Visitor: 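Okay, handing you the structure first.
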Amino acid sequence: MLTEIPCRHTLLYLSRSSEELLWLHREAVFPEPAAWEAVWERLRGSPVITRRRAAPGELIPVGVSLPIRRDGGRWRMASQVPLDGVTQAISAVQAAEMCAEGSLPFSRLMAHLLRQAPRYGAAAGLFGSAALETVTGLPYCHAGSDLDVLLLPQEDADLPALGGLLRRLEEKWSLRIDAEVALGSGRYGKLAELLSGSGTILVKGGSAPVLCSTRAVLASLGSSGKSILKK
């Protein structure tokens with residue numbers, strides 16, 4: 001049983017009873033619930049994705065993403081589950097390590113990122129379709145899929161250099177990388193937005209995305225953010 005509230009992007013395996021609650025507590029479903037019922041029994045053992053960090057004692061907001069698409073969109077469901085119903089948790093960093101040790105088309109890229117990111121003051125994780133395919137072995141990725149990576153910066157992280165590293169990896173492997181940065185306090189933002197020079201950035205992790213001052217977000221990152229502000 002999980003004892004610590006999971007961070008955003010953590011993959012969670014649920015007990016059978018919690019899978020029942022997952023369906024009962026559903027908030028949004030695509031496509032319609034009737035279509036889901038036809039496949040739910042077959043795919044209900046798949047991990048769910050932590051959408052944001054819950055307050056102690058509250059249900060964990062989660063999402064379900066299936067390796068099925070309709071009209072260009074993936075089958076998805078938003079719901080909530082109790083902490084004591086989680087039987088296994090796989091963090092974004094653990095998913096990245098599993099991917100790097102595997103033989104998926106993006107495994108070598110992820111292995112290279114895991115080796116190089118610490119040189120610039122950050123750990124790296126994996127989320128999204130690539131993480132789900134890594135963990136489940138199901139075909140979540142397609143020809144147009146991005147590689148969703150999570151960067152967990154330390155105080156001395158060099159975010160511009162990390163951006164340069166990701167661009168080089170994109171060119172070498174001909175694969176678009178979408179990087180999210182952990183901003184602390186359960187908040188996350190896009191690396192591209194932090195480095196764009198824009199005055200605002202969309203910050204996720206709370207009950208809803210919030211448009212924040214880029215300057216304030218960078219300042220909260222300590223020296224890694226201040227180095228960008230000086231430019």
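All values derive from a computational prediction rather than experimental measurement.
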Visitor: Closer than 3.5 angstrom, by distance alone: can the side chain of Thr134 be matched with the main-chain N or O of Ala130 as a donor-acceptor pair?
Guide: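 Side chain of Thr134 to backbone of Ala130, a donor-acceptor pair under 3.5 Å: yes, one is there.
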Visitor: Would you compute the distance between atom SG of Cys212 and atom CD1 of Ile201 and round it to the nearest 0.5 angstrom?
Guide: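 So the gap between those two atoms works out to 8.0 Å.
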Visitor: Does Arg70 come within less than 4.0 Å of Glu32, counting only side-chain N to carboxylate O?
Guide: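 A salt bridge links Arg70 with Glu32.
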Visitor: Counting distance only, does the side-chain N/O of Tyr13 pair as donor-acceptor with the main-chain N or O of Val48 below 3.5 Å?
Guide: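 No, the answer is negative, given that no donor and acceptor are paired below the 3.5 Å cut-off.
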Visitor: Does one hydrophobic cluster hold both Leu175 and Leu191, with members joined at side-chain heavy-atom distances below 4.5 Å?
Guide: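 Same cluster.
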Visitor: How close do Arg26 and Val29 get, heavy atom to heavy atom, and via which atoms?
Guide: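 So the two residues come closest at CD-CG2, 3.7 Å.
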Visitor: Salt bridge or not between Glu58 and Arg53? Use side-chain N to carboxylate O under 4.0 Å.
Guide: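 Salt bridge between Glu58 and Arg53, a charged N being under 4.0 Å from a carboxylate O: no.
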Visitor: Ignoring hydrogens and angles, tell me if any N or O in the side chain of Arg76 forms a donor-acceptor pair with the backbone of Ala28 under 3.5 Å.
Guide: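 No, because the side chain of Arg76 does not come within donor-acceptor range (under 3.5 Å) of the backbone of Ala28.
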Visitor: Would you say Leu150 ends up clustered with Leu221 if hydrophobic residues are merged whenever their side chains have heavy atoms under 4.5 Å apart, either directly or through other cluster members?
Guide: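 Different clusters: Leu221 never reaches Leu150 through Ile, Leu, Val, Met, Phe, Trp or Tyr contacts under 4.5 Å.
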Visitor: Working to the nearest 0.5 angstrom, can you tell me the gap between Leu21 CG and Leu14 CG?
Guide: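 Reported to 0.5 Å precision, the distance equals 9.5 Å.
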Visitor: Tell me, do Leu22 and Val62 make a side-chain contact under 4.5 Å, heavy atoms counted?
Guide: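 Counting from C-beta outward, Leu22 and Val62 do come under 4.5 Å.
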Visitor: Using atom types as modelled and distance alone, determine if a side-chain donor or acceptor of Glu133 lies under 3.5 Å from a backbone N or O of Cys141.
Guide: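 Judged by distance alone, yes, a pair lies under 3.5 Å.
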Visitor: Is it true that the side chains of Ser198 and Ser196 contain a donor and an acceptor less than 3.5 Å apart?
Guide: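 The criterion, which ignores hydrogens and geometry beyond distance, is not satisfied for Ser196 and Ser198.
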Visitor: Measure the CD-CZ distance between Glu19 and Arg16 for me, rounded to the nearest 0.5 Å.
Guide: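 Those atoms lie 6.0 Å apart.
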Visitor: Within this structure, what is the CZ-CG distance for the pair Arg176 and Asp148, rounded to the nearest 0.5 Å?
Guide: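 These two atoms lie 9.5 Å from each other.
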Visitor: Report yes if the side chains of Leu147 and Leu126 come closer than 4.5 Å at any heavy-atom pair, otherwise no.
Guide: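 They are in contact (side-chain heavy atoms under 4.5 Å apart), so the answer is yes.
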Visitor: Got a donor-acceptor contact below 3.5 angstrom from the Glu193 side chain to the Lys190 backbone?
Guide: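 Such a contact is absent between Glu193 side chain and Lys190 backbone.
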Visitor: Looking at Ser213 and Ala216, would you say the former's side chain and the latter's main chain have a donor-acceptor pair under 3.5 Å?
Guide: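 Present.
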Visitor: Show your working on side chain to side chain contact (heavy atoms under 4.5 Å, CB included) between Val64 and Trp40 and close with a plain yes or no.
Guide: CA-CA 11 Å; Val64 183; Trp40 179 236; 4.3 Å; yes
Visitor: If we only count heavy atoms from C-beta on, is the Leu218 to Ser220 side-chain gap below 4.5 Å?
Guide: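 A side-chain contact under 4.5 Å is absent here.
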Visitor: Between Ile5 and Pro56, is there a side-chain heavy-atom distance shorter than 4.5 Å?
Guide: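 They are in side-chain contact.
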Visitor: Could you tell me whether the side chain of Gln80 and the main chain of Ile60 form a donor-acceptor pair under 3.5 Å?
Guide: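 No: the side chain of Gln80 does not pair with the backbone of Ile60.
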Visitor: If you take all heavy atoms of Pro33 and Trp23, which pair is closest and at what distance?
Guide: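 Distance-wise, the nearest heavy atoms are O-CH2, 3.9 Å.
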Visitor: Do Pro6 and Val86 come close enough that some side-chain heavy atom pair is under 4.5 Å?
Guide: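 Heavy-atom side-chain distance check fails, nothing below 4.5 Å.
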Visitor: For Arg74 and Ser65, work out which heavy atoms get closest and say how close.
Guide: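 Heavy atoms of Arg74 and Ser65 come nearest at CD-OG, 2.6 Å.
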Visitor: Identify whether Trp173 and Leu151 are in the same connected component of the hydrophobic contact network (ILVMFWY, side-chain heavy atoms under 4.5 Å).
Guide: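 Yes; tracing contacts between hydrophobic side chains, which count when under 4.5 Å, links both residues.
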Visitor: Can you find a pair of side-chain heavy atoms, one from Pro47 and one from Leu12, that are under 4.5 Å apart?
Guide: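 Pro47 does not reach Leu12 side chain to side chain.
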Visitor: Determine whether more than 12 heavy atoms belonging to other residues, nucleotides or ligands lie under 6.0 Å from atom CZ of Arg108.
Guide: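 Counting other residues, nucleotides and ligands, CZ of Arg108 stays at 12 neighbours or fewer.
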Visitor: Can you name the nearest heavy-atom pair linking Gly205 to Arg52, along with the distance?
Guide: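 Between these two residues, the closest heavy atoms are O-CB, 3.1 Å.
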Visitor: Identify the two heavy atoms, one from Ala35 and one from Trp75, that lie closest to each other, and give their separation to 0.1 Å.
Guide: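 Result for this residue pair: O-CZ3, 3.5 Å.
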Visitor: What closest approach, in Å, do Gly125 and Leu152 show between heavy atoms, and which atom pair accounts for it?
Guide: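 Closest approach of Gly125 to Leu152: N-CD1, 4.4 Å.
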Visitor: Does the pair Arg8 and Tyr188 meet the rule for a side chain to side chain contact (heavy atoms under 4.5 Å, CB included), with working shown?
Guide: CA-CA 9 Å; Arg8 187 166 178 257; Tyr188 302 81; 3.6 Å; yes
Visitor: In this structure, would Leu59 and Val81 fall into the same cluster of hydrophobic residues linked by side-chain contacts under 4.5 Å?
Guide: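 Cluster IDs for Leu59 and Val81 differ.
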Visitor: Has the side chain of Trp36 got a donor or acceptor atom that lies under 3.5 Å from a matching backbone atom of Phe30?
Guide: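 Yes; at least one donor-acceptor contact below 3.5 Å.
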Visitor: Who are the salt bridge (Lys or Arg N to Asp or Glu O under 4.0 Å) partners of Glu97, not counting sequence neighbours?
Guide: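 Salt bridge (Lys or Arg N to Asp or Glu O under 4.0 Å) check on Glu97 returns nothing, list empty.
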Visitor: Step through the shown structure and confirm whether more than 12 heavy atoms of other residues, nucleotides or ligands are within 6.0 Å of CD on Glu27.
Guide: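 Yes.
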Visitor: Can you check side chain to side chain contact (heavy atoms under 4.5 Å, CB included) on Leu194 and Leu183, steps first, answer last?
Guide: CA-CA 11 Å; Leu194 282 171; Leu183 304 174; 4.2 Å; yes
Visitor: Rounded to the nearest 0.5 Å, what separation is found between the CG atom of Leu169 and the OG atom of Ser174?
Guide: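 OG of Ser174 is found 11.5 Å from CG of Leu169.
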Visitor: Report yes if the side chains of Thr10 and Phe127 come closer than 4.5 Å at any heavy-atom pair, otherwise no.
Guide: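 Thr10 vs Phe127: side chains apart.
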Visitor: Side chains of residues 109-124: which donor-acceptor partners sit under 3.5 Å, not counting sequence neighbours?
Guide:
{"unit_1": "His112", "atom_1": "ND1", "unit_2": "Arg115", "atom_2": "NH2", "d": "3.4"}
{"unit_1": "Gln116", "atom_1": "OE1", "unit_2": "Arg119", "atom_2": "NH1", "d": "3.3"}
{"unit_1": "Tyr120", "atom_1": "OH", "unit_2": "Arg168", "atom_2": "NH2", "d": "3.4"}

Visitor: If only atom types and distance count, is the side chain of Thr136 paired as donor or acceptor with the main-chain N or O of Leu138 below 3.5 Å?
Guide: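 Here the side-chain-to-backbone pair exists.
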Visitor: Just verifying a value: how many Å separate Ser107 OG and Met98 CE, rounded to the nearest 0.5 Å?
Guide: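 Here the interatomic distance stands at 10.5 Å.
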Visitor: Main chain of Ser15, side chain of Ser18: is a donor-acceptor contact present, judged purely on distance under 3.5 Å?
Guide: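 Here the side-chain-to-backbone pair does not exist.
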Visitor: Output, in order, the C-alpha distance, side-chain angles, deciding distance and verdict of side chain to side chain contact (heavy atoms under 4.5 Å, CB included) for Val39 and Leu66.
Guide: CA-CA 10 Å; Val39 299; Leu66 299 182; 4.1 Å; yes
